[in-house]
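Written out below as structure tokens is the structure these notes cover.
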There are 2 protein chains.
Amino acid sequence: MSLKNNNKTDATTEEKIVEAARKLFTEKGFDAVKTRDIADEAGINLALLNYYFRSKKKLFEIITKENFGHFILIISEIVNDKKTSIRQKIEILVANYIDMFSINPDMPLFVLSHAKHYAQEMKIREKFMDSYFLKQVQKAIISEEIKPIDPTNLLFNIMGLTIFPFAGRHIFQNKNGITKEQFTALMQDRKKMIPIWIEAMLKAKS
Amino acid sequence: MSLKNNNKTDATTEEKIVEAARKLFTEKGFDAVKTRDIADEAGINLALLNYYFRSKKKLFEIITKENFGHFILIISEIVNDKKTSIRQKIEILVANYIDMFSINPDMPLFVLSHAKHYAQEMKIREKFMDSYFLKQVQKAIISEEIKPIDPTNLLFNIMGLTIFPFAGRHIFQNKNGITKEQFTALMQDRKKMIPIWIEAMLKAKS
DNA sequence: GTCTATAATTCGATAGAC
DNA sequence: GTCTATCGAATTATAGAC
């Protein structure tokens, strides 16, 4: 994104199309969004979409790479930090994910929905498996600070507690459910609680 | 479903169409599935689909009601049982969900993806909030057996730990990831561990 | 009930004027 | 670069024969 054009009115046509596509694709996925919807949302003519991006699929792949990129970046830049403890890594990981999803709450479901066709290159599990974080965990298991746990199950737990509320929020956020404000407050609460809960799980005896 | 016709070869045309629709819609959602795909999968002519079900949308709504129905039934029939403890309820709930999702691993992502438009009548949070289970939890909080927790956060935790691995399995199950067999084994492991983990979380001090 | 053929519509993409 | 007009393919749905 150009430094000059970071608000919507000043944005170039190309940027307006990407912004519209980002919003709609992330919210509804590939098939449910029509090129005409994107053109309308961007306030431009349908023909311009193909002029700039050749096809719907090419445009979609830009958004997919963005979303998967943001998703994987958070985990990548945390798990190999030599200076932080297990607990600190979990705190930062959870806080960063919750902050990102609070801004873009449709991203989690987008990633889950498109993982089958686009997660091959993401290698999220491989990055986790080869991480310094996991070495710290294994060391803590050997020294009996925490109980043995399958690394994949640990990854499921961290991600499940963090991501699920966003991916499933429409189950709970409806006319008889919680409000957007209540949801936001709960997520802030979870930022603090999830690391505490995970630590308790890691010390629980089976 | 008729008692006489519960295998695919003996199934009536109507049942064959529903079975094909169930498989494809649950796996891919509404927009990605074409009526021709359903007709092919069912081994019938395209025109018969409209003859029996009038439209693609009507057929889709049958499958949606099925999936949401199965999803909600498990929680409904467990949380108000006066005879079981908190721990037993969590054990049964987790085991029933994992057993169902092991047979139908696409159901969780289907439910999450379509919750925005179809979860209004489901009232999963309301059922949880009004449940005997939650009364047991509140009693246990007062007697200081467990630490205070927001009920919605407890629901997020139980569902997140149980459902997320299935909803996100394509992130982990790919050519560099875990095999289907490893995944199945992990889920069986989690059936035992999740109740233990949740109990530990409920006793963790903030 | 089931099929073939086709109508009706939607949708992605492009031609060509400005 | 941007627009109008339209093409052509894909897709849902239906008419009508058997």
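Values in this document were obtained by computation on a predicted structure and should not be read as measured data. So you know, we letter chains A, B, ... as the sequences are listed, proteins then strands, and number each from 1.
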Kindly list each side-chain donor-acceptor pair under 3.5 angstrom involving residues 25-32 of chain B, sequence neighbours excluded, with atom names and distances?
unit_1 : atom_1 : unit_2 : atom_2 : d
B:T26  : OG1    : B:R22  : O      : 2.6
B:T26  : OG1    : B:N67  : ND2    : 3.1
B:E27  : OE2    : A:K116 : NZ     : 3.0

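Here D:dA13 presents its P atom at 13 Å from CZ of B:F60, a figure rounded to the nearest Å. Atoms CG (A:L24) and C1' (C:dC11) sit 16 Å apart, rounded to a whole Å. In this entry the distance linking CG of B:D37 with C1' of D:dT11 reads 10 Å, nearest Å.
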Problem set entry | Letter per nucleotide, 5' to 3', of nucleotides 12-18 of chain C [B base touched, S only sugar-phosphate touched, - untouched; heavy atoms, 4.0 Å] | BBBB---

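Formation of a donor-acceptor pair under 3.5 Å by the A:R125 side chain with backbone atoms of A:L155 is not found in this model. In this structure, A:E199 contributes its side chain and B:A204 its backbone to no donor-acceptor pair below 3.5 Å. In this structure a side-chain-to-backbone donor-acceptor pair under 3.5 Å is missing from A:Y118 to A:V111.
The six-membered or imidazole ring of A:F166 lies away from that of A:Y97, with a centre-to-centre distance of 6.0 Å or more.
No contact: A:F53 has no heavy atom under 4.0 Å from any strand.
B:K191 and B:Q188 form a side-chain donor-acceptor contact under 3.5 Å, judged by distance and modelled atom types alone.
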